[in-house]
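Presented below is the structure to which this report refers.
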Amino acid sequence: MKASSRVRNLPTPSVQRLPVYLRFLKEARRRGDDVVSCTRIAEEFGQRSVQVRKDLAITGVSGRPKVGYRVDELIEAIESFLGWDVKTTAFLVGVGNLGRALLNYEGFVEHGLDVAAAFDANPALFGQEINGRVVRPLDQIASTAARLREEGRIVEMGIVTVPARAAQPVADKLVGIGVRAIWNYAPVRLDLPNDVVYEEVKLSASFAVLTNRLRRRDADE
Ligand code: ATP
């Protein structure tokens with residue numbers, strides 16, 4: 001089975017919960033815990049333990065009855081399942097406020113994300129350095145990817161932080177240099193070949209849910 005079709009069949013909420021469990025497990029390891037039970041994880045996150053067991057089962061690890069999970073083994077399994085134990089080389093396009101924030105955020109490094117270069121269309125930004133990356137003109141994207149390839153670094157992911165109107169052509173360019181994954185922060189749905197894995201970060205949608213809940217709570221009070 002191809003990895004992409006396997007990925008599509010997985011329950012997304014379970015995958016999204018794994019990083020949360022992972023953070024908890026790493027804390028447990030720092031405290032010196034060797035084993036952790038499903039019930040303990042479930043308590044921590046207000047989940048049912050049957051749900052936690054199901055979530056963790058997708059990594060291929062199963063706990064031992066009455067003992068629980070070995071913390072090390074589970075951390076390794078989750079990181080390997082998420083692909084965080086290997087480096088993912090990415091290009092980021094659109095060095096506006098959001099693009100800059102992502103370039104400056106060190107948290108993704110821990111997950112193996114290596115943003116190798118950043119591109120923009122605005123000449124005023126060319127040559128600016130952000131957290132060790134020099135902003136390059138977008139028309140250097142193919143040559144930069146080729147240079148990295150010579151060093152054995154394959155650009156697998158494109159991060160799109162341009163405005164909505166520019167997102168599709170930018171994504172097409174990224175696909176043109178061979179990326180196999182697009183992480184889209186622009187508020188627009190992109191049309192991509194089937195073999196490119198795609199994830200939209202819906203910031204406005206997330207905010208809408210929050211403000212709607214907040215205002216409903218106001219109305220209830
Ligand atoms: P943000 O939305 O990230 O806060 P911003 O408000 O500073 O950023 P936007 O107009 O959203 O600016 O654009 C984000 C960045 O994308 C800018 O640096 C802009 O120059 C760049 N950009 C816009 N169109 C393109 C394009 N076609 N190719 C590459 N970069 C682009």
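One-based numbering along the sequence shown. Note that ligands are numbered from 1 as they come in the structure, with each ligand's atoms numbered from 1 the same way.
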Run the salt-bridge test on Arg23 and Glu27 with the 4.0 Å N-O cut-off and return the result as yes or no. no

Checking the side chain of Asn184 only, and the main-chain atoms of Val188 only, is there a donor and an acceptor separated by less than 3.5 Å? yes

Among all protein heavy atoms, pick the one closest to atom 24 (N) of ligand 1 and tell me residue, atom and distance. Ala166 CB, 3.6 Å

Heavy-atom contacts under 4.0 Å between Leu125 and ligand 1: side chain, backbone, both, or neither? side chain

Between Val160 and Ala167, which heavy-atom pair has the shortest distance, and what is it? CG1-CB, 4.0 Å

Considering residues, nucleotides and ligands other than Glu76, do more than 12 of their heavy atoms fall under 6.0 Å from its CD? no

Salt bridge check: are Asp218 and Arg215 linked by an N-O gap of less than 4.0 Å? yes

For ligand 1, which atoms have a heavy atom of Thr161 less than 4.0 angstrom away? 14 (C)

Examine Leu98 against ligand 1 and note whether any of their N/O atoms are separated by less than 3.5 Å. yes

With nothing but distance in play, are any N or O atoms of Asn97 less than 3.5 Å from an N or O of ligand 1? yes

Can you tell me if Arg133 uses its side chain to pair, donor with acceptor, with the backbone of Val115 under 3.5 Å? yes

Using a 3.5 Å distance criterion without hydrogens, assess whether the side chain of Asp114 forms a donor-acceptor pair with backbone atoms of Lys87. no

Going by the closest heavy atom to atom 20 (O) of ligand 1, which one wins out of Val162, Asp120, Val160? Asp120

Considering only heavy atoms, which of Pro163, Gly96, Pro187 lies nearest to atom 13 (O) of ligand 1? Pro163

Gln47 and Asp55 side chains, donor-acceptor separation under 3.5 Å: no

Under 4.0 Å from a heavy atom of Val170: give me the atoms of ligand 1 that qualify, with their elements. 28 (N)

Of the listed options (Ala121, Ala118, Ala124), which comes nearest to atom 29 (C) of ligand 1 when hydrogens are ignored and any heavy atom counts? Ala121

Under 4.0 Å from a heavy atom of Gly94: which atoms of ligand 1 are those, numbered in the order shown and with their elements? 15 (C), 16 (O)

Check ligand 1 against Asn122 and write out every atom of the ligand that is under 4.0 Å from a heavy-atom position of the residue. 20 (O)

